[in-house]
S.K.: 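Here you go, one structure.
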Amino acid sequence: MNYEEAVAYIEDIPRFTTKNSLDHTRECLRRLGDPQRKFRVIHVAGTNGKGSTCAFITSVLREAGYSCGLFTSPHLVEINERFQINEEVIDDDTFLRAFEKVKKLSDELVAEGSYHPTYFETLLLMGMVIFAEAGVDYVTLETGLGGRLDATTAVENPAACVITSISLDHMQYLGNTVSEIAGEKAGIMVPGVPVIYDGNDPDAAGVMREHAEKLGCPYYELKREDTEIHKITKDGIRFSLKDETYGDTVFDIPFIARYQVMNAALAVKTIQVLEDQIPVSLEALKAGMAKTRWQGRMETVLPGVIVDGAHNEDGVEKFVETAEHFQKEFPLTLLFSAVDDKDYTDMIRTICSRIRFRHVIVTQVGGYRKVPVEELAEICRMHGVWFHTDAVQAAGHVEIDLTKLQADFLSVSAHKFHGPKGCGFLYVKNGFRTESLLEGGAQEKGKRAGTENVPGIVGMAAALQEACDHIDENAAKVSALRDKLIAGLSKIPHSALNGDPVHRLPGNVNFCFEGIEGESLLLLLDDAGICASSGSACTSGSLDPSHVLLAIGRPHEVAHGSLRLSLSEWNQPWEIDHILREVPRVVAYLRSMSPVWKDLESGKKQFML
């Protein structure tokens, strides 16, 4: 076989194998010459943070001068990524040589009437062969699934066992509670071998202590309060470990996510626990932490572009925690996909309920576990997010029959309905403040909801009910933001507020600006990260419905830019400041390019405001 054929064979293994016992894995290792006995292993298990912790440990050992292997899963692009020697992914020839040895053994086992190694078992056996032939000193070994029955546990007598955070994942295999899952993860412990673990979850920590004491393992528990974060920037985090050994030592890690501090702390503690077996200087420890690289875990792959592989409840929570921190400074765009054995509905709900994105893009990954992009888009809509797909940008005017909604006549102005160019208003007639709301706009009375420039808004019932429930408690905050916005925009020469804010919902701000063309205004504001839409076709600011007719009949040579901004309780003061910087700049720029404005400014034409 060549390399491509070998990879294809491995990828096909799940179709004709089932889970084997650890005794089977140990027998396979024995028949391969027990390659795992030619190096020492640091065994790492956990729900989240395993790969990152492995990367920290490996980087430190490399910086201290040791030759290291790293075995992790899954891979992001190529299967070779699962095997690293001295922080370099193995080449295709090395992969193929190891595969041929394991394939030969697999054929012999099948011929004898035994079991073919599973997909993960095959890769583990290959890894042990690869690392033994490379002559490494240490291998950082990440479990695949669980711990107690995981194939990696067949590699006996590790130097240390490390267990990262425990949360609910793979419940169909590991148990329905954190304690049950922790019991499976604790299965990697070996009598007398030190174990370092994340103790933040009290249920998981109790299970770890119980297992360690039962096996006579020295155990070391770390919690968030054992660390201190000094600084978080877009380039990384500076933290210290509250430990007598390191005193005031400060460590730098090139990751922006707070959760990486715990993973880094576990790695630092592991190096400390093993100092008698594996001497590492403080300088090498600090340098190794600072130079750690790990793909797909809040990884900055380009300036301003961050990739994270969060795929369960705890991982998504930590992703959101990081994104919430940075949304205070930067407008965010989300590119999202998932596989079908994850709770992607809950993932989307959690993300979209706590983060405001400038854009949301959903796409579809390949393979048999793919989730159709249309399904992801539909869920995004259900949770009030406008979106792009990787194939089509949804756009246009959408009308939805809302006759069955149990809601009052309401104008909803919320971030949930942002589109490429803005936010439309949802109108439902059911007798609630009907007249006052109608005075604020020209939308149609009746049983339909129109959304202007808002792509594909469906499933609005929940969002509408939420708005009804919380309108009073949020009105004061939104009104304050609105008043600040109106005061700032009113300073722009020859601008006018359309309608009376008293007769609108608090978040409804509708302005027009003389001498510019509206579509250009919206496009340039979108480039500046501001979602806006065309406001009502009025120039006078009057509540008289005839203002619409006046606007339609005005001279075509007098360009008119109309702008609607919709605020909600999710908006922050810094966003208002951003709008008040960008709108005057864009208006001034468009006027500088407009012959109509020059005529108006010189008095050749009459201002309409």
Side-chain angles (χ1 to χ4, degrees), residues 6-7 9-14 16-46 50-51 53-55 57-58 68-76 78-85 89-90 94-110 114-136 138-163 170 173-174 184-185 187-190:
V7 172
Y9 180 89
I10 293 172
E11 296 294 343
D12 203 40
I13 288 177
F16 56 84
T17 60
T18 56
K19 172 69 176 174
N20 296 322
S21 68
L22 289 178
D23 287 339
H24 180 271
T25 309
R26 295 187 185 101
E27 174 62 15
C28 290
L29 288 168
R30 185 191 67 78
R31 293 177 64 158
L32 287 170
D34 282 321
Q36 78 282 4
R37 295 184 179 178
K38 297 181 180 179
F39 45 79
R40 295 301 306 278
V41 165
I42 298 174
H43 201 182
V44 182
K50 301 188 297 294
T53 303
C54 286
I57 292 171
T58 302
C68 300
L70 175 60
F71 178 84
T72 60
S73 62
H75 57 276
L76 296 181
E78 295 182 344
I79 198 168
N80 300 38
E81 297 168 18
R82 295 171 180 252
F83 317 95
Q84 291 187 26
I85 297 174
V89 175
I90 64 167
T94 301
F95 181 95
L96 184 58
R97 286 196 302 272
F99 168 77
E100 289 171 343
K101 290 187 177 181
V102 175
K103 174 65 165 60
K104 181 176 181 293
L105 170 63
S106 301
D107 292 342
E108 292 172 356
L109 290 169
V110 172
S114 185
Y115 299 102
H116 190 292
T118 64
Y119 176 88
F120 186 75
E121 204 174 14
T122 297
L123 295 173
L124 173 67
L125 297 173
M126 288 174 58
M128 299 302 100
V129 169
I130 289 167
F131 299 138
E133 291 184 349
V136 301
Y138 298 98
V139 169
T140 314
L141 184 65
E142 180 188 357
T143 59
L145 178 66
R148 181 175 63 91
L149 300 177
D150 190 77
T152 58
T153 306
V155 178
E156 300 168 332
N157 194 31
C161 295
V162 184
I163 301 176
H170 300 294
Y173 305 112
L174 304 179
E184 292 295 318
K185 306 291 185 181
I188 71 168
M189 294 185 192
V190 177

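All values below come from the heavy atoms of this structure, side chains included, with hydrogens, waters and symmetry mates left out.
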S.K.: Going by the ring-ring contact (aromatic ring centres under 6.0 Å, His included) test, which pairs reach into residues 138-157, not counting sequence neighbours?
M.R.: Tyr66-Tyr138

S.K.: Given salt bridge (Lys or Arg N to Asp or Glu O under 4.0 Å), test Glu133 with Lys101 step by step and report yes or no.
M.R.: CA-CA 12 Å; Glu133 291 184 349; Lys101 290 187 177 181; 2.2 Å; yes

S.K.: Could you tell me which residues satisfy salt bridge (charged side-chain N to carboxylate O under 4.0 Å, His left out) with Glu100, sequence neighbours excluded, listed by chain and number?
M.R.: none

S.K.: Do Ile79 and Phe95 have side chains that get closer than 4.5 Å, going by heavy atoms?
M.R.: yes

S.K.: Can you give me every donor-acceptor pair (side chain of residues 144-151, partner residue at least two apart or in another chain, under 3.5 Å) with its distance?
M.R.:
unit_1 : atom_1 : unit_2 : atom_2 : d
Arg148 : NE     : Glu184 : OE1    : 3.3
Arg148 : NE     : Glu184 : OE2    : 3.2
Arg148 : NH2    : Glu184 : OE2    : 3.1
Asp150 : OD1    : Gly144 : N      : 3.0
Asp150 : OD1    : Leu145 : N      : 2.8
Asp150 : OD2    : Gly144 : N      : 3.2
Asp150 : OD2    : Thr152 : N      : 3.1
Asp150 : OD2    : Thr152 : OG1    : 2.5

S.K.: To the closest 0.5 Å, what do you measure between CG (Leu124) and CG (Leu29)?
M.R.: 6.5 Å

S.K.: Can you tell if the side chain of Phe131 reaches within under 4.5 Å of the side chain of Met126, non-hydrogen atoms only?
M.R.: no

S.K.: Within the side chain of Lys50, is there an N or O that forms a donor-acceptor pair under 3.5 Å with the backbone of Gly46?
M.R.: yes

S.K.: Counting C-beta onward and ignoring hydrogens, is there a side-chain heavy-atom pair between Arg82 and Pro74 closer than 4.5 Å?
M.R.: yes

S.K.: With heavy-atom distances below 4.5 Å as the criterion, would you say the side chains of Leu105 and Cys28 are in contact?
M.R.: yes

S.K.: Applying side-chain hydrogen bond (donor to acceptor under 3.5 Å, both in side chains) between Asp34 and each of Arg31, Gln36, Arg30, report the one that passes.
M.R.: Gln36

S.K.: Test salt bridge (Lys or Arg N to Asp or Glu O under 4.0 Å) on Asp107 and Lys104; report intermediate values, then the result.
M.R.: CA-CA 5 Å; Asp107 292 342; Lys104 181 176 181 293; over 6 Å; no

S.K.: Only one of Pro158, Cys161, Cys54 clears side chain to side chain contact (heavy atoms under 4.5 Å, CB included) with Val44; which?
M.R.: Cys54

S.K.: What's the verdict on side chain to side chain contact (heavy atoms under 4.5 Å, CB included) for Ile163 and Met189, showing C-alpha distance, side-chain angles and the deciding distance?
M.R.: CA-CA 9 Å; Ile163 301 176; Met189 294 185 192; 4.0 Å; yes

S.K.: Not counting sequence neighbours, list each pair that qualifies as a side chain to side chain donor-acceptor pair (under 3.5 Å) and has a residue in residues 121-131.
M.R.: Asn20-Glu121, His24-Glu121, Thr25-Glu121

S.K.: What closest approach, in Å, do Phe39 and Ala132 show between heavy atoms, and which atom pair accounts for it?
M.R.: CE2-N, 3.7 Å

S.K.: Can you name the residues that form a side-chain hydrogen bond (donor to acceptor under 3.5 Å, both in side chains) with Asn80, not counting sequence neighbours?
M.R.: Tyr3, Asp92

S.K.: Is Thr58 close to Gln84 at the side-chain level, that is, under 4.5 Å between some pair of heavy atoms?
M.R.: no

S.K.: Can you confirm whether more than 12 heavy atoms, excluding those of Tyr115, are under 6.0 Å from its OH atom?
M.R.: no

S.K.: Mind checking salt bridge (charged side-chain N to carboxylate O under 4.0 Å, His left out) for Lys38 and listing every partner two or more places apart, or none if nothing turns up?
M.R.: none

S.K.: Is the closest side-chain heavy-atom distance between Phe71 and Thr140 below 4.5 Å?
M.R.: no

S.K.: Would you check if Met128 and Val155 make a side-chain contact, meaning some heavy-atom pair closer than 4.5 Å?
M.R.: yes

S.K.: Run the side chain to side chain contact (heavy atoms under 4.5 Å, CB included) test on Cys68 and Val139 for me, step by step, so that the C-alpha distance in whole Å, both residues' side-chain angles and the decisive distance to 0.1 Å come before the verdict.
M.R.: CA-CA 6 Å; Cys68 300; Val139 169; over 6 Å; no

S.K.: Are any of the side-chain heavy atoms of Val190 and His43 separated by less than 4.5 Å?
M.R.: no

S.K.: Do you know which two heavy atoms are closest between Ala154 and Arg26, and how far apart they sit?
M.R.: CB-CG, 3.7 Å

S.K.: Given side chain to side chain contact (heavy atoms under 4.5 Å, CB included), test Leu109 with His116 step by step and report yes or no.
M.R.: CA-CA 6 Å; Leu109 290 169; His116 190 292; over 6 Å; no

S.K.: Test side chain to side chain contact (heavy atoms under 4.5 Å, CB included) on Leu70 and Phe83 and set out the steps.
M.R.: CA-CA 6 Å; Leu70 175 60; Phe83 317 95; over 6 Å; no

S.K.: Search all heavy atoms of Thr118 against all heavy atoms of Ile13 and return the closest pair with its distance.
M.R.: C-CG2, 3.6 Å

S.K.: So how far is it from Leu123 CG to Phe120 CZ, rounded to the nearest 0.5 Å?
M.R.: 7.5 Å

S.K.: Ignoring hydrogens and geometry, is there a side-chain-to-backbone donor-acceptor pair from Lys185 to Ala45 under 3.5 Å?
M.R.: no

S.K.: Taking the side chain from Thr94 and the backbone from Ile90, do they hold a donor-acceptor pair closer than 3.5 Å?
M.R.: no

